[in-house]
Amino acid sequence: AYSTQRIYVVMIFNMVLMISQLCIASASQQEIFLQADAAYMRGDIDQAYGLWDSLQVKNDRVYFNLARCMQKKGDVDRAHLYFRKARALS
């Protein structure tokens, strides 16, 4: 049988591993967001949209940026949809 101390050590190790994986995912998600922002600033709306849309977690800023892309492309209906989603999360 495992001792209580050994179980705690395994649990703590697993928690540290999960937290480190979340930090790596967050950093890569932030990098994607910044790449999308740079693409938008240089006028590559399709790339910016694709990058923002690929983000695993979408917050109000992401939906707002997706709305701006759709607005630039002339897709007013989708722009309004994304603006509403952004507003609901803000």
Side-chain angles (χ1 to χ4, degrees):
Y2 289 106
S3 71
T4 304
Q5 184 180 10
R6 188 176 195 149
I7 292 172
Y8 285 138
V9 168
V10 170
M11 287 174 50
I12 290 171
F13 175 78
N14 285 335
M15 286 175 39
V16 168
L17 184 61
M18 286 176 21
I19 290 169
S20 66
Q21 289 173 341
L22 286 173
C23 290
I24 291 169
S26 295
S28 66
Q29 294 292 294
Q30 185 175 8
E31 182 61 30
I32 291 170
F33 185 91
L34 294 174
Q35 289 173 2
D37 201 38
Y40 185 88
M41 295 302 282
R42 69 175 178 270
D44 192 345
I45 305 305
D46 290 329
Q47 183 181 15
Y49 178 86
L51 288 166
W52 277 316
D53 193 44
S54 75
L55 291 170
Q56 294 171 353
V57 176
K58 293 180 177 65
N59 58 23
D60 58 331
R61 290 175 32 212
V62 173
Y63 282 122
F64 179 78
N65 291 334
L66 289 169
R68 291 187 322 161
C69 288
M70 290 297 98
Q71 189 176 33
K72 287 256 188 201
K73 292 176 65 105
D75 191 338
V76 177
D77 292 334
R78 285 178 67 191
H80 282 282
L81 172 70
Y82 287 129
F83 278 128
R84 284 194 302 272
K85 286 183 177 187
R87 186 171 183 197
L89 293 175
S90 63

In terms of heavy-atom contacts, Leu55 and Ile32 come closest through CD2-CG2, 3.5 Å
Value for CG (Asp37) from CZ (Arg61), rounded to nearest 0.5 Å, stands at 8.5 Å
Interatomic distance, CH2@Trp52 vs CZ@Arg68, rounded to 0.5 Å, equals 5.0 Å
Sorted by chain and number, sequence neighbours left out, ring pair (Phe, Tyr, Trp, His ring centres under 6.0 Å) with Tyr63 holds for none
_Lys73 and Tyr49, any side-chain heavy atoms less than 4.5 Å apart_ = no
Quick check: are there more than 12 heavy atoms from other residues, nucleotides or ligands sitting under 6.0 Å from NZ of Lys58? yes
One should read off an interatomic distance between Arg42 CZ and Asp44 CG, to the nearest 0.5 angstrom, of 5.5 Å
Check your understanding: Quick one: are the ring centres of Tyr82 and Phe64 less than 6.0 Å apart?
Key -> no
Leu89-Phe83 co-clustered via ILVMFWY side chain contacts under 4.5 Å: no
With hydrophobic residues grouped by side-chain heavy-atom distances under 4.5 Å, do Phe33 and Leu51 end up in a single group?
yes
Interatomic distance, CE@Met70 vs CD1@Ile45, rounded to 0.5 Å, equals 9.0 Å
Scanning both residues in full, the closest heavy-atom pair of Ala48 with Ala39 reads N-CB, 3.8 Å
d(Gln47 CD, Gln35 CD) to nearest 0.5 Å is 7.5 Å
Hits for salt bridge (Lys or Arg N to Asp or Glu O under 4.0 Å) against Asp60, two or more places apart or cross-chain, chain-then-number order -> none
**Asked** Do Asn59 and Val62 have side-chain heavy atoms sitting under 4.5 Å apart?
**Response** yes
Gln56 side-chain N/O to Gln29 backbone N/O, donor-acceptor pair under 3.5 Å: no
Here the gap from Asp53 atom CG to Asp46 atom CG, rounded to the nearest 0.5 Å, amounts to 12.0 Å
